[in-house]
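Atoms considered below: every heavy atom in the structure, side chains included; atoms not considered: hydrogens, waters and symmetry mates.
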Amino acid sequence: MAERGAVLFDGLAKHGYMLGHNLVHEARGASGKLELVPRLMQELKAAGVDVVVTVSYPAAAAAKVSGVPTVLASGSGDPVKTGLVESLAHPGGNVTGIADDASILSTKRLSLLAAMLPKLHRVAMLWNRDDLGMSMRYDASAEAAKGAGIIVQPLGVREPDDFNEAFEAMKRDPPDAILMVSDSLTLLNRKRVIDYAAAHRLPAIYEAESIVREGGLMSYGADSGESFDRAAAMVDLILRGTKPADLPVEQPTRYQFVINLKTAKSIGLDIPATLTALADEVIE
């Protein structure tokens, strides 16, 4: 989050807001403990914040209830299906922001796995069952897999110990690859997933490029830099008096495909040249 926060503050600086001068930053984080989120949001409301920027569905849902103007920067899932907004064009409440299309992205991630593994048949999907936004993202991924003739091994988790059960399930019935849906819980346990995939020589695709820089095989997702820069522009508009209800929810325009060739080599995987040619970044 520190890297994305820096992008947000850089974006706000373009609009004349400087920390310690005319901008005060109030940060709260639940470290994956979703039951804490409503209380943390109430703390922000009590502190008198003018706008909240969220990076998860639970935080966005709590912000909606609080009534504080809110900008979704990432990780909220489909804001219409989850009830965060009435529609993308007319949010109709105190929430707006940036949101991607999970069904399109899921189809793309699966197609990248299939391009790497021509005999791809079964994909294990990890996601947080307690996060409605991510459960809906999983549903979109599972539907995309079904359309592509790929069998899904559903591995929903609710707490850190559940990852052990997910790993045991994959040992009993090995998949051809892993797809991990990102939220606070899965991101906090990302190293365990990276290590499991490496130990069992399993290709895995993630949503965030940062995971690939930490040793994950590959990722495809919205350019977080662009999303947070545009979120900063929305914050500026709200601070100047525009209501979130009047700010259409936007979709990312830039997406990044990142491959870690070192990881590929370590699991004995040859990446087709056609695939590396498509990558926005290749880590060697």
Residue of the set Y138, F163, Y57 for which ring-ring contact (aromatic ring centres under 6.0 Å, His included) holds with W127
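One option only clears the test, and that one is Y138.
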
Give the minimum heavy-atom separation between [X] and [Y], together with the two atoms involved.
{"X": "Q251", "Y": "I98", "result": "C-CG2, 4.4 Å"}
{"X": "D229", "Y": "G11", "result": "OD1-CA, 3.6 Å"}
{"X": "A245", "Y": "P91", "result": "O-CD, 3.4 Å"}
{"X": "V152", "Y": "A145", "result": "CG2-CB, 3.4 Å"}
{"X": "A232", "Y": "H15", "result": "O-CD2, 4.3 Å"}
{"X": "L155", "Y": "A169", "result": "CD2-CB, 3.8 Å"}

Exam field: side chain [X] to backbone [Y], donor-acceptor pair closer than 3.5 Å:
{"X": "Q256", "Y": "D280", "answer": "no"}
{"X": "D176", "Y": "V123", "answer": "no"}
{"X": "T82", "Y": "G133", "answer": "no"}
{"X": "S135", "Y": "D131", "answer": "yes"}
{"X": "N260", "Y": "V212", "answer": "yes"}
{"X": "R28", "Y": "M41", "answer": "no"}
{"X": "N94", "Y": "A63", "answer": "yes"}
{"X": "T96", "Y": "L247", "answer": "yes"}
{"X": "R137", "Y": "S106", "answer": "no"}
{"X": "E209", "Y": "V258", "answer": "no"}

Could you check whether the rings of Y255 and Y220 sit parallel, tilted or perpendicular, using 30° and 60° as the cut-offs?
parallel

Between the side chains of K108 and D101, is the shortest nitrogen-to-carboxylate-oxygen separation below 4.0 Å, so that they form an ion pair?
no

Do the charged groups of K14 and D236 touch, with an N to O distance under 4.0 Å?
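Salt bridge flag = no for D236 with K14.
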
Taking it one step at a time, do L239 and Y17 satisfy side-chain contact (heavy atoms from CB on, under 4.5 Å)?
CA-CA 10 Å; L239 291 176; Y17 303 98; 3.7 Å; yes

Answer yes if [X] and [Y] sit in the same cluster of Ile, Leu, Val, Met, Phe, Trp and Tyr residues linked by side chain heavy atoms under 4.5 Å apart, and no otherwise.
{"X": "L112", "Y": "I267", "answer": "yes"}
{"X": "V80", "Y": "M134", "answer": "no"}
{"X": "L120", "Y": "I205", "answer": "yes"}
{"X": "V49", "Y": "V24", "answer": "no"}
{"X": "L237", "Y": "F9", "answer": "yes"}

Rounded to the nearest 0.5 Å, how far does CD of E284 lie from NZ of K262?
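Here the rounded value is 12.0 Å.
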
E43 side, atom CD; E26 side, atom CD - distance, nearest 0.5 Å:
9.5 Å

As a test of understanding, state which of T186, D183, D162 forms a side chain to side chain donor-acceptor pair (under 3.5 Å) with N128.
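Exactly one candidate clears the test, D183.
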
